[in-house]
Amino acid sequence: MKASHVALLALAGMVLSSATVYSLTPPGGASAAITADPSRNDDDSTSIESVSGDAVGEVELAHFTAGSTVMIEGRMGHPKVIRNPRGETFVMLEARATSTERARRAAPVNLSIVIDKSGSMKGSRLRNAVQAAVGAVERLQDGDMVSVVAFDTRMQLVAPLVTIGPSTRGSVIAAIRGIQLGGDTCISCGIEGGMDELARATEGRVSRMLVLSDGDANHGLRDVPGFRSLAQRAQTRGISISTIGVDVDYNEKILSAIAVESNGRHYFVENDAGLARVFESEAESLTQAIASGAEVDIELGQGVELDRVFDRSFRRSGNRVTVPLGTFSSGDVKTVLLKVRLPSDSEGALPVASIEMKYRDLVKDEEGRCSGKLGVEVVSSGASDLDAVVAGRVNRSETAAALKEANLLFQQGRVQEAERKLAERQQALLDTASKAKTAAPAARASDVANDFEKQIAATEEARTGFAEPPPPVAATPIAGGFAQAPAAAAPAPTESRKARSTVRRNEANASDFGF
């Protein structure tokens with residue numbers, strides 16, 4: 001489940017993702033770039049003053065906080081950068097649903113439940129999936145809308161979109177309980193069916209799709225890029241898709257990509273008895289939504305070049321980068337991380353980015369908007385070390401990349417390389433964590449500590465899970481040569497299950513670290 005439990009230069013409007021993480025500019029990576037600043041606290045924004053000619057005034061800041069129902073905090077990776085032709089740093093945004101109030105009226109919900117009913121779901125898996133879906137429907141409020149889709153080799157419309165009320169709730173539950181096992185697995189068929197039903201709902205609703213599967217896609221779309229495109233289509237329609245992988249034989253790359261591209265969550269449920277908790281949590285978050293349709297616009301300053309947007313879908317139009325964040329429920333925190341190149345060939349104040357976040361405020365029942373500006377000071381000496389809060393987020397991307405790379409190495413039978421990759425990442429985290437905790441603003445010290453602790457725990461869990469190698473690979477004759485295929489002898493079931501479980505958990509953790 002999460003931790004216990006994305007050559008830009010695209011045409012306007014094209015949606016891209018990137019999960020590739022570049023290392024920090026200072027030699028030695030993030031850990032080499034942090035030292036303590038005892039005089040700094042969270043309210044000390046680094047003010048940069050212009051000294052160019054006719055005016056002296058405060059311009060962009062290295063840190064700002066703005067907003068009400070949803071707060072946004074902006075931070076520069078390095079408030080001061082050394083003058084050079086190609087300065088690099090990070091822009092980090094953290095959006096947090098801070099309101100403890102409930103919306104004046106519960107936002108109307110449009111929920112589509114999409115359940116795998118392929119043959120592999122036999123026994124307790126389908127029974128528990130059905131019961132979990134029933135529990136989610138029971139949690140919906142009168143006036144909410146729900147549809148239910150099942151899929152095997154094709155889509156079955158179990159319950160067409162209907163408004164929940166005393167006369168309809170029971171019929172939806174009865175239809176869910178009537179789901180029967182089928183054949184193979186067409187995940188894209190189920191998602192397309194769910195999207196069609198969600199499209200029939202009235203406007204102004206919070207739309208969510210829950211997709212559950214225990215297998216690989218062997219009908220319809222079968223590749224990760226295809227599923228990314230499908231999920232991006234959902235996201236542009238205001239639909240977030242949370243995916244739930246059951247047991248240890250589902251395709252973790254596909255389900256994770258769907259969730260990431262649509263601003264949903266990806267869950268790994270090793271024991272199907274835990275499905276009810278996930279469905280309940282998702283249904284509850286919908287009823288507690290306090291903002292919807294959130295997007296952040298980042299207007300880069302003159303000469304500032306975008307290097308990467310980490311871990312999230314985005315759109316690009318000239319110097320403007322738009323990152324959709326979707327729905328916020330009480331307590332939600334979502335981050336945006338950019339790496340930028342600065343035209344730092346002259347000293348003084350350098351505006352880097354103007355930020356504006358827009359959303360529908362469900363607490364105040366109005367359009368919400370907040371904004372701020374970020375910039376750096378270009379100096380000849382005395383550059384800033386990497387901000388501790390930003391360091392935690394940068395390391396999350398690096399940890400996610402390490403977990404995915406270790407998965408690939410392990411699945412290729414390169415077990416020692418996988419373990420070495422995880423050991424190196426864990427040591428880097430330990431080195432960085434000690435410096436970051438000391439350097440962190442007082443109000444964020446516990447957040448920074450928890451951030452690193454979760455990453456360290458995830459790498460340790462992965463190392464432990466990779467203690468046993470995957471099945472041996474043997475050469476199988478084919479026309480014109482030999483192909484690699486699994487040998488007849490398989491490892492003990494417990495060992496094999498442990499390894500597969502570790503791979504799925506690593507993918508779920510990697511997805512969570514990019515949120």
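- At a threshold of 4.0 Å, the pair R497-D247 counts as salt-bridged, since one of the basic side-chain nitrogens sits closer than that to a carboxylate oxygen.
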T459 and R425: CA distance, side-chain angles, deciding distance, side-chain hydrogen bond (donor to acceptor under 3.5 Å, both in side chains) verdict = CA-CA 7 Å; T459 55; R425 177 91 286 262; over 6 Å; no
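- Here disulfide (SG to SG under 2.5 Å) pairs that include residues 205-299, with residues two or more places apart or in two chains, number zero.
- For E94, the side-chain contact (heavy atoms from CB on, under 4.5 Å) test picks out E73, M92, R96, V333, T335, R444, with sequence neighbours left out.
- A salt bridge is defined here as a Lys NZ or Arg NE, NH1 or NH2 lying under 4.0 Å from an Asp or Glu carboxylate O, and R200 with E197 meets this definition.
- The side-chain heavy atoms of L338 and I298, taken from C-beta on, include a pair separated by under 4.5 Å.
- Counting only N and O atoms by type, the side chains of Q411 and N407 include no donor and acceptor under 3.5 Å apart.
- Side chain of N271 to backbone of G274: no donor-acceptor contact under 3.5 angstrom is found.
- A salt bridge is absent between D116 and R125; no separation between the charged side-chain nitrogens and carboxylate oxygens falls under 4.0 Å.
- Contact check for I355 versus V296: side-chain heavy atoms found under the 4.5 Å cut-off.
- For T98 (side chain) and S68 (main-chain N/O), a donor-acceptor pair under 3.5 Å exists by modelled atom type.
- Side chains of Q156 and K117: a donor-acceptor N/O pair is present below 3.5 angstrom, by distance only.
- At least one donor-acceptor pair under 3.5 Å links the side chain of S262 to the backbone N or O of I258.
- Checked by atom type and distance alone, the side chain of R504 pairs as donor or acceptor with a backbone atom of V248 at under 3.5 Å.
- Side chains of T464 and E461 form no contact here, defined as non-hydrogen atoms less than 4.5 Å apart.
- Counting heavy atoms from C-beta on, the side chains of L230 and E192 come closer than 4.5 Å.
- Salt bridge absent: R169 and E138 never bring a charged side-chain N and a carboxylate O closer than 4.0 Å.
- Every pair passing disulfide (SG to SG under 2.5 Å) that includes a residue from residues 187-299 is listed here, sequence neighbours excluded: C186-C189.
- Remark: side-chain polar atoms of N263 are paired, donor with acceptor, to backbone N or O of P324 under 3.5 angstrom.
- Looking only at atom types and distance, the side chain of T243 has a donor-acceptor partner in the side chain of H266 under 3.5 Å away.
- Judged as a side-chain contact (heavy atoms from CB on, under 4.5 Å), and not counting sequence neighbours, the contacts of A159 are V148, V172, A175.
- One N or O on the side chain of T168 and one on the backbone of G165 form a donor-acceptor pair closer than 3.5 Å.
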query = Taking it one step at a time, do E252 and R505 satisfy salt bridge (charged side-chain N to carboxylate O under 4.0 Å, His left out)?
reply = CA-CA 9 Å; E252 75 283 354; R505 196 173 304 280; over 6 Å; no
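- Cation-pi check for R265 over F515 is met; the charged atom lies under 6.0 angstrom from the ring centroid and within 45 degrees of its normal.
- By the 4.0 Å N-to-carboxylate-O rule, E507 lies too far from K253 to be salt-bridged with it.
- Counting heavy atoms from C-beta on, the side chains of T69 and F328 never come closer than 4.5 Å.
- R360 and E366 are not joined by a salt bridge, as no carboxylate oxygen comes within less than 4.0 angstrom of a charged side-chain nitrogen.
- Residues E282 and S242 have side chains that bring a donor and an acceptor to within less than 3.5 angstrom of each other.
- The side chain to side chain contact (heavy atoms under 4.5 Å, CB included) test with F279 is passed by exactly one of V137, L212, N128, V134: L212.
- Using a 3.5 Å distance cut-off with no hydrogens or angles, the side chains of S124 and D272 do pair a donor with an acceptor.
- The pair R315-E295 meets the salt-bridge criterion, with a side-chain N (NZ, NE, NH1 or NH2) lying under 4.0 Å from an Asp/Glu carboxylate O.
- A side-chain N or O of T322 and one of D297 form a donor-acceptor pair less than 3.5 Å apart.
- In terms of modelled atom types and a separation under 3.5 Å, the side chain of S329 and the main chain of S285 share a donor-acceptor contact.
- No side-chain donor-acceptor contact under 3.5 Å links D144 to the backbone of L140.
- Judged as a disulfide (SG to SG under 2.5 Å), not a single pair has a partner in residues 229-262 (not counting sequence neighbours).
- For C370, there are no disulfide bond (SG atoms under 2.5 Å apart) partners at least two apart in sequence or on another chain.
- A donor atom on one side chain and an acceptor atom on the other are not found under 3.5 Å apart for R139 and T287.
- Under a 3.5 Å cut-off, the side chain of D451 and the backbone N or O of D447 do not form any donor-acceptor pair.
- One N or O on the side chain of D152 and one on the backbone of G183 form a donor-acceptor pair closer than 3.5 Å.
- Contact annotation: the side chain of V211 approaches that of I191 to within less than 4.5 Å [non-hydrogen atoms, C-beta and beyond].
- Between R233 and E261 there is no salt bridge, since no side-chain nitrogen of the basic residue lies less than 4.0 Å from a carboxylate oxygen of the acidic one.
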